[in-house]
**Student:** 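Can you keep this structure in mind? I'll have questions shortly.
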Amino acid sequence: MPEKTSLLAETPESLAAFLAAGGQPAYRAAQILSWVWKKRAASWDAMTNLPKNLRALLADRFSLNPTDLLLEKKSADVTGKLLLRLHDGALVETVLIRAPRDDAPAAGDRLTLCVSTQVGCAMGCKFCASGLDGLRRDLDASEILAQVHHAARLVENDTPPALRDDRLPFDNLVVMGMGEPLANYDATLAALRVLNAPWGPAFGARRVTLSTSGLAPQILRLADDSLPVRLAVSLHAATDDVRSQIMPVNKAYPLAKLLPAIKTFASKKGRMVTLEYILIENLNDSTRQAAALAEIARDLHAHVNLIPYNEVDGLAWKRPPPEIQNAFLDTLLDARVSATLRREKGADINAACGQLRLKTERPPPPAA
Ligand code: SAH
Ligand code: SF4
């Protein structure tokens with residue numbers, strides 16, 4: 001039996017032909033999409049203002065969510081992780097990060113959703129669990145949106161009804177899970193357009209941050225896209241010799257190509273770009289790297305987000321001790337660079353990129 005199409009990536013335009021063929025008025029498209037995105041209906045029967053014959057037509061042609069929620073892990077601190085199974089059995093992860101608001105603690109926690117765009121990753125960064133097995137496949141737009149839909153419903157299940165509304169229950173969305181979003185450009189942007197659409201969740205594009213390992217041509221493409229998403233770039237080293245040791249993408253797009261692309265993005269969008277920099281012991285944590293990074297960040301007017309490396313089973317990279325992390329931060333701050341040192345959240349549930357998938361898909365080693 002052919003797979004049903006997921007309703008999640010549909011638009012008023014794409015539903016028009018389906019409705020016309022079923023003898024249904026065009027205004028039903030807005031009602032259907034409102035059930036999907038504003039009320040986040042869990043079943044066709046819940047869509048009470050649609051006639052029964054239309055609900056039957058919809059059920060025949062579409063699936064509501066193309067993924068199964070396999071596992072939800074809540075950490076003791078602030079992070080939760082969802083593991084979803086796709087129709088072909090592949091697994092994908094989505095992370096929810098709860099953090100106090102520094103600016104307004106009384107307003108409750110800030111909730112950030114982190115979505116994946118691929119199963120695995122082809123970029124082969126040496127420190128990253130997501131890329132260890134290479135790329136299995138791209139996610140399609142509905143599979144990216146399915147993560148948002150599942151996560152929204154989970155958060156809402158924990159929210160008293162009086163506090164729920166039409167809006168998605170997240171403050172920010174980061175495209176930083178498994179995969180390289182700019183290597184799956186069309187599906188990623190199609191999903192982000194649905195999220196941003198007024199007939200959909202109307203989630204502001206400025207609350208969306210897309211993170212890339214540095215595909216310079218696609219950064220330039222994104223700079224010309226009408227959707228004003230924020231950009232984060234995984235720099236992780238401030239010189240080509242060090243960056244090429246850990247990120248094969250640096251051979252195709254070395255700093256001389258990457259940095260001008262970031263600059264173009266920042267000037268076209270009028271937005272500050274974030275440079276992500278994982279601190280790895282004895283690799284990129286020297287004062288020399290910090291000074292070179294300060295120069296790059298100042299030239300780009302970029303913010304630097306330092307992230308202590310989250311150690312991965314089977315990889316030898318280590319997180320530097322706190323004194324080294326702080327010294328690195330101080331070098332940046334002394335050079336008047338905007339920089340923060342992020343203590344990563346949710347270490348107890350292996351919240352870093354890709355680790356849950358690896359643990360679930362790989363059988364435990366046989367007992368000795
Ligand atoms: N592929 C994109 C987005 C997904 S990775 C990218 O590379 O930017 C999201 C972030 O997690 C990236 O900055 C990535 O370098 C970082 N990351 C990967 N493995 C990590 C680990 N073990 N510890 C800390 N950060 C990690
Ligand atoms: Fe892919 Fe990003 Fe991991 Fe690199 S860091 S392997 S680009 S997911």
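We count ligands from 1, going down the list as the structure has it; atoms in each ligand are counted the same way. Just so we're clear, the structure is a prediction, and the values are computed from it rather than from any experiment.
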**Student:** At under 4.0 Å between heavy atoms, which part of Glu276 makes contact with ligand 1: side chain, backbone, both or neither?
**Tutor:**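 Only the side chain of Glu276 comes within reach of ligand 1.
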**Student:** Whether Lys318 and Asp285 form a salt bridge (side-chain N of Lys/Arg under 4.0 Å from carboxylate O of Asp/Glu) is what I want to check.
**Tutor:**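 No, Asp285 and Lys318 are not salt-bridged.
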**Student:** So which bit of His236 gets within less than 4.0 Å of ligand 1, heavy atoms only: side chain, backbone, both or neither?
**Tutor:**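 The answer is the side chain.
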**Student:** Judged by non-hydrogen atoms, does Gly179 sit under 4.0 Å from ligand 1?
**Tutor:**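 Per 4.0 Å heavy-atom rule, Gly179 contacts ligand 1.
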**Student:** Would you find more than 12 non-hydrogen atoms of other residues, nucleotides or ligands less than 6.0 Å from Gln31 atom CD?
**Tutor:**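 Counting neighbours around CD of Gln31, more than 12 heavy atoms of other residues, nucleotides or ligands fall under 6.0 Å, so yes.
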**Student:** Show which atoms of ligand 1 fall inside a sub-4.0 Å distance from at least one heavy-atom site of Thr212.
**Tutor:**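 Per the distance check, 6 (C), 8 (O).
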**Student:** Side chains of Leu300 and Val273: closer than 4.5 Å at any heavy-atom pair?
**Tutor:**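 No, their side chains stay 4.5 Å or more apart.
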**Student:** May I ask you to say whether Lys257 pairs ionically with Asp240, meaning some side-chain N is under 4.0 Å from a carboxylate O?
**Tutor:**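 No.
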**Student:** Where on Val312 is there a heavy atom closer than 4.0 Å to ligand 1, on the side chain, on the backbone, on both, or on neither?
**Tutor:**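 Looking at Val312 and ligand 1, just side chain atoms fall under 4.0 Å.
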**Student:** Between the side chains of Asp241 and Thr239, is a donor N or O closer than 3.5 angstrom to an acceptor N or O?
**Tutor:**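 Yes, a side-chain donor-acceptor pair sits under 3.5 Å.
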**Student:** Applying a strict 4.0 Å limit to heavy atoms, is Met123 in contact with ligand 1?
**Tutor:**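 Met123 does not count as a contact of ligand 1 under the 4.0 Å cut-off.
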**Student:** Does any part of the side chain of Met272, heavy atoms only, come nearer than 4.5 Å to the side chain of Ser338, both counted from C-beta?
**Tutor:**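 When only atoms from C-beta onward are counted, Met272 and Ser338 do touch, with a gap below 4.5 Å.
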**Student:** Select the closest option to atom 12 (C) of ligand 1 among Ser234, Ser116, Cys114, judged by heavy-atom distance.
**Tutor:**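 Minimum heavy-atom distance to atom 12 (C) of ligand 1 goes to Ser234.
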**Student:** I'd like to check which ligand 1 atoms, numbered from 1 as shown, lie under 4.0 Å from a non-hydrogen atom of Ser213.
**Tutor:**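 Within the 4.0 Å cut-off of Ser213, ligand 1 contributes 6 (C), 7 (O), 8 (O).
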**Student:** Has Gly177 got any heavy atom lying under 4.0 angstrom from an atom of ligand 1?
**Tutor:**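 It does; at least one heavy atom falls under 4.0 Å.
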**Student:** What atoms in ligand 1 come closer than 4.0 Å to a heavy atom of Tyr309?
**Tutor:**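 Here the atoms of ligand 1 in question are 21 (C), 22 (N), 23 (N).
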**Student:** Just wondering, is there an N, O or S atom on Cys128 that's nearer than 2.8 Å to atom 3 (Fe) of ligand 2?
**Tutor:**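 Checking atom 3 (Fe) of ligand 2 against Cys128, an N, O or S atom does fall under 2.8 Å.
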**Student:** For residues 51-63, please give each side-chain donor-acceptor pair under 3.5 Å, one per line with the distance, not counting sequence neighbours.
**Tutor:**
residue: Arg55; atom: NE; partner: Met47; partner atom: O; Å: 3.4
residue: Arg55; atom: NE; partner: Leu50; partner atom: O; Å: 3.1
residue: Arg55; atom: NH2; partner: Leu50; partner atom: O; Å: 3.2

**Student:** Taking atom types as modelled and ignoring hydrogens, do the side chains of His150 and Thr67 form a donor-acceptor contact shorter than 3.5 angstrom?
**Tutor:**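 Note: His150 and Thr67 side chains meet the donor-acceptor criterion.
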**Student:** Quick check on contacts: which atoms of ligand 2 are under 4.0 angstrom from a heavy atom of Cys125?
**Tutor:**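 Ligand 2 atoms under the 4.0 Å threshold to Cys125: 4 (Fe), 5 (S), 6 (S), 7 (S).
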**Student:** Given that the side chain starts at C-beta and the backbone is N, CA, C, O, which of these parts of Val233 lies under 4.0 Å from ligand 1, counting heavy atoms, or is it both or neither?
**Tutor:**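 No part of Val233 comes within reach of ligand 1.
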**Student:** In ligand 2, which numbered atoms sit nearer than 4.0 Å to a non-hydrogen atom of Ser213?
**Tutor:**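 It comes down to these atoms of ligand 2: 7 (S).
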**Student:** Take a 6.0 Å sphere around CZ of Arg207 and say whether it holds more than 12 heavy atoms from other residues, nucleotides or ligands.
**Tutor:**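 Count over threshold, so yes.
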**Student:** Which of the atoms in ligand 1, numbered in the order shown and given with their element, are less than 4.0 Å from a heavy-atom of Phe127?
**Tutor:**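 Contacts of ligand 1 toward Phe127, numbered from 1: 15 (O), 18 (C), 19 (N), 22 (N).
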**Student:** Give the atom numbers and elements of ligand 2 that come within less than 4.0 Å of a heavy atom of Cys121.
**Tutor:**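 Taking each heavy atom of Cys121 in turn, ligand 2 has 1 (Fe), 6 (S), 7 (S), 8 (S) under 4.0 Å.
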**Student:** Can you establish whether the number of heavy atoms outside Arg167 located under 6.0 Å from its atom CZ is more than 12?
**Tutor:**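 Result for CZ/Arg167: open.
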**Student:** Should Leu173 and Leu168 count as side-chain neighbours, where that means a heavy-atom distance under 4.5 Å?
**Tutor:**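 SC-SC contact between Leu173 and Leu168 ruled out.
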**Student:** Which atoms from ligand 2 have a heavy atom of Gly179 less than 4.0 Å away?
**Tutor:**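 Near Gly179, the atoms of ligand 2 are 8 (S).
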